[in-house]
Asker: 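Below: one structure in structure tokens.
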There are 2 protein chains.
Amino acid sequence: MENFNAIPVFVAVAQQGGFSAAARELNISKSAVSKRITQLEEQLGVRLIHRTTRKLSLTEAGERYYEYSLQATRAAQQAEDAVGELQGDPRGLLRINAPMSFGRLHIAPLIAEFLQRYPHIQMDLVLDDNTLNIVEQGFDLAIRATRLPDSTLIARTLAPLRSVICAAPDYVFRTALTSPDSLKDENCLLYSYSADASIWAFSPQEQAGQTLQVKVSGNYRVNNSEALLSAILNGAGIGRLPSFAAAEYIRQGRLTQLFADYHMPVKTMYAVYPERHYMPAKVRAFLEFASEKLGKDTPHWDVGLF
Amino acid sequence: MENFNAIPVFVAVAQQGGFSAAARELNISKSAVSKRITQLEEQLGVRLIHRTTRKLSLTEAGERYYEYSLQATRAAQQAEDAVGELQGDPRGLLRINAPMSFGRLHIAPLIAEFLQRYPHIQMDLVLDDNTLNIVEQGFDLAIRATRLPDSTLIARTLAPLRSVICAAPDYVFRTALTSPDSLKDENCLLYSYSADASIWAFSPQEQAGQTLQVKVSGNYRVNNSEALLSAILNGAGIGRLPSFAAAEYIRQGRLTQLFADYHMPVKTMYAVYPERHYMPAKVRAFLEFASEKLGKDTPHWDVGLF
DNA sequence: ACTCTTAGTTGACTAAAACTCAACAATAGA
DNA sequence: TCTATTGTTGAGTTTTAGTCAACTAAGAGT
């Protein structure tokens with residue numbers, strides 16, 4: 001571990017993609033960087049960085065070394081932040097993973113105010129529908145519709161996730177829809193990520209016990225709820241949308257909600273984070289901020305609809 | 001991150017429990033240690049270590065700082081090991097968690113030869129029946145009878161876990177046992193960790209489908225299978241023991257196996273480890289070594305019994 | 001209670017790095 | 001071909017990390 005203080009230099013080079021760039025970031029001369037790396041390579045007995053004058057690439061050894069040195073620098077930064085948080089406001093890098101659509105529509109708009117309230121927090125928001133490995137990828141928090149069966153993660157309820165069946169007003173005008181059952185004969189657009197994409201379940205508001213399952217089909221299936229929304233707005237068919245995406249348009253009259261007198265299964269949006277001895281203040285701050293802004297029991301987008 | 005190279009010093013102090021001890025470990029003078037820590041505390045603006053001349057303790061800030069700095073030093077060490085493994089034999093610290101009894105009886109005896117075969121590996125074996133958080137506690141590998149529903153962990157089968165009903169020969173001599181059902185009236189000693197501690201299930205070897213569940217009871221219950229074994233050896237009653245603990249005594253005639261013509265539910269011992277982009281060679285080496293030594297299909301302790 | 005021993009701190013001093021600067025070779029792009 | 005920029009090298013300097021020795025404090029042993 002003689003190389004301990006070469007680690008931040010190596011990480012900077014790997015991230016910036018060059019010795020000179022790294023030198024600028026670290027506020028030292030490029031020759032200092034060059035020497036540090038050369039010396040590190042000598043001590044390890046391996047070349048970590050393949051140089052071709054203009055372009056850098058990590059060797060296989062470099063890749064592996066980077067994997068862990070990144071962890072090391074992150075941990076060091078967190079150590080500093082942790083003591084900083086003890087006697088001041090939340091600080092440090094906050095890495096959050098959120099689903100694409102929900103993130104764009106309801107998380108992204110919160111960020112500016114959040115960062116204003118907590119000026120020492122730096123945000124790294126990754127919008128991605130894939131379930132990333134929160135621990136390995138170094139996320140502090142993930143926002144997900146499923147609570148994973150992962151013993152090391154804690155899930156906290158953020159908001160209820162309701163679905164609505166809807167279509168463009170003129171599309172509705174052209175068809176005769178009497179009951180959910182008649183959806184079988186309509187062009188139903190599907191959101192590919194949901195597990196039960198093509199089976200839509202209803203229960204009449206009066207008799208909560210009874211459930212009606214309709215197997216629907218149509219000519220369009222897409223993995224992004226905003227893309228689905230846009231197709232429906234343009235009258236391509238009937239869709240089941242999350243209320244967080246559709247509610248606004250329903251209120252505006254640009255979408256017509258169908259079968260509002262039936263209940264549909266309600267899911268939950270969770271905030272998921274790794275169990276820790278001390279929860280970092282920056283994570284706590286975001287959780288409280290988001291819960292408050294979304295409106296826990298009835299989220300703001302559902303007001304007037306549910 | 002000016003303090004980066006103070007981190008290993010701080011970790012050494014925290015682990016060794018003193019400035020002088022840390023200085024000895026790091027091969028520097030104690031005044032150097034003192035100055036590094038003092039300077040670190042100045043830069044952070046907090047006292048990390050509470051000194052009372054003879055005894056050290058971490059302040060709250062120190063505790064938090066330690067939590068992350070330990071991660072940082074571990075990651076740095078792993079970075080080194082990772083490149084070392086690329087062009088040589090497996091190396092580095094290998095932290096393994098195993099259940100108490102199984103660990104003592106069948107893992108611990110393997111260690112000496114393993115370390116001899118891989119002289120650059122350093123072993124830290126923690127015998128503990130509690131399910132530790134493998135990621136957070138920095139374990140490379142855990143050996144467990146349950147495969148946790150943790151999405152970030154991989155479980156690999158190590159060996160089948162069979163149970164045997166047994167008692168001391170003179171205890172058997174004094175009682176009249178006809179069928180498993182008669183266990184109801186015997187003094188049955190229980191192992192407290194199993195989920196179904198007091199319900200023993202049997203199925204006749206001929207008719208595999210039929211299952212007989214016997215609810216047993218007795219005057220002793222203990223959470224350590226070796227303690228249970230010793231009570232049974234001394235004639236305290238009848239017990240259901242894992243074959244890995246009992247087999248040797250059955251062969252010696254010091255225990256009598258009962259109802260050998262019945263099958264009992266078979267569990268599995270797994271090796272559990274976190275999913276990684278590259279599996280460290282030291283982990284792979286241990287998995288192969290252990291699998292080979294235990295004897296995968298019929299583990300060596302079951303030879304002649306199953 | 002009185003040493004004795006060992007702990008952590010402090011200041012002056014030294015050795016060893018870490019860093020800069022300037023000159024240089026190599027190369028991608030204009 | 002020329003130019004701008006990159007990474008490397010060697011000499012020189014500054015900073016810093018370290019040692020050493022003296023000092024204070026307090027638990028352990030008798």
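Just so we're on the same page: letters track the sequence lines, and every chain starts at 1. Predicted model only: the values in this text are computed from it and were never measured.
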Asker: Please report how far the helix from dA1(C)-dT30(D) to dA30(C)-dT1(D) bends, comparing the axis fitted to its first five pairs with the axis fitted to its last five, to the nearest 10 degrees.
Answerer: 40°
Asker: For H106(B) and F244(B), take the angle between the two ring planes, folded into 0 to 90°, and tell me which bin it lands in: parallel under 30, tilted 30 to 60, perpendicular over 60.
Answerer: perpendicular
Asker: Respond yes when some side-chain nitrogen or oxygen of R51(A) is under 4.0 Å from OP1 or OP2 of dT6(D), and no when none is.
Answerer: no
Asker: Under 3.5 Å between N/O atoms: give me all the protein pairs with nucleotides 10-12 of chain D, atom names plus distance.
Answerer:
from    : atom 1 : to     : atom 2 : distance (Å)
dG10(D) : O6     : K35(A) : NZ     : 3.1
dA11(D) : N6     : K35(A) : NZ     : 3.1

Asker: Might you list the N or O atoms of the protein lying below 3.5 Å from N or O atoms in nucleotides 2-5 of chain D, with each pair's distance?
Answerer:
from   : atom 1 : to     : atom 2 : distance (Å)
dT5(D) : O2     : R54(A) : NH1    : 2.7

Asker: Identify, with sequence neighbours excluded, every residue that meets ring-ring contact (aromatic ring centres under 6.0 Å, His included) alongside F114(B).
Answerer: Y118(B), F286(B), F289(B)
Asker: Among dT8(D), dT20(C), dG18(D), which nucleotide sits nearest the side chain of F19(A)?
Answerer: dT8(D)
Asker: Is a donor on one side and an acceptor on the other found under 3.5 Å between the side chain of H120(B) and the backbone of G92(B)?
Answerer: no
Asker: With sequence neighbours excluded, tell me which residues meet side chain to side chain contact (heavy atoms under 4.5 Å, CB included) with R74(A).
Answerer: L70(A), R95(A)
Asker: Assess, by modelled atom type and distance only, whether the side chains of R156(B) and S291(B) contain a donor and an acceptor separated by less than 3.5 Å.
Answerer: yes
Asker: Do Y273(A) and D140(A) come close enough that some side-chain heavy atom pair is under 4.5 Å?
Answerer: no
Asker: Show the atom names and distances, to 0.1 Å, of all donor-acceptor pairs under 3.5 Å that link a side chain in residues 13-27 of chain B to residues at least two apart or in another chain.
Answerer:
from   : atom 1 : to     : atom 2 : distance (Å)
Q16(B) : NE2    : E25(B) : OE2    : 2.7

Asker: Counting heavy atoms from C-beta on, name the nucleotide in dT19(D), dT8(D), dG18(D) closest to the side chain of S29(B).
Answerer: dT19(D)
Asker: Which distance, rounded to the nearest 0.5 Å, do you find between the OH of Y68(A) and the OH of Y278(B)?
Answerer: 10.0 Å
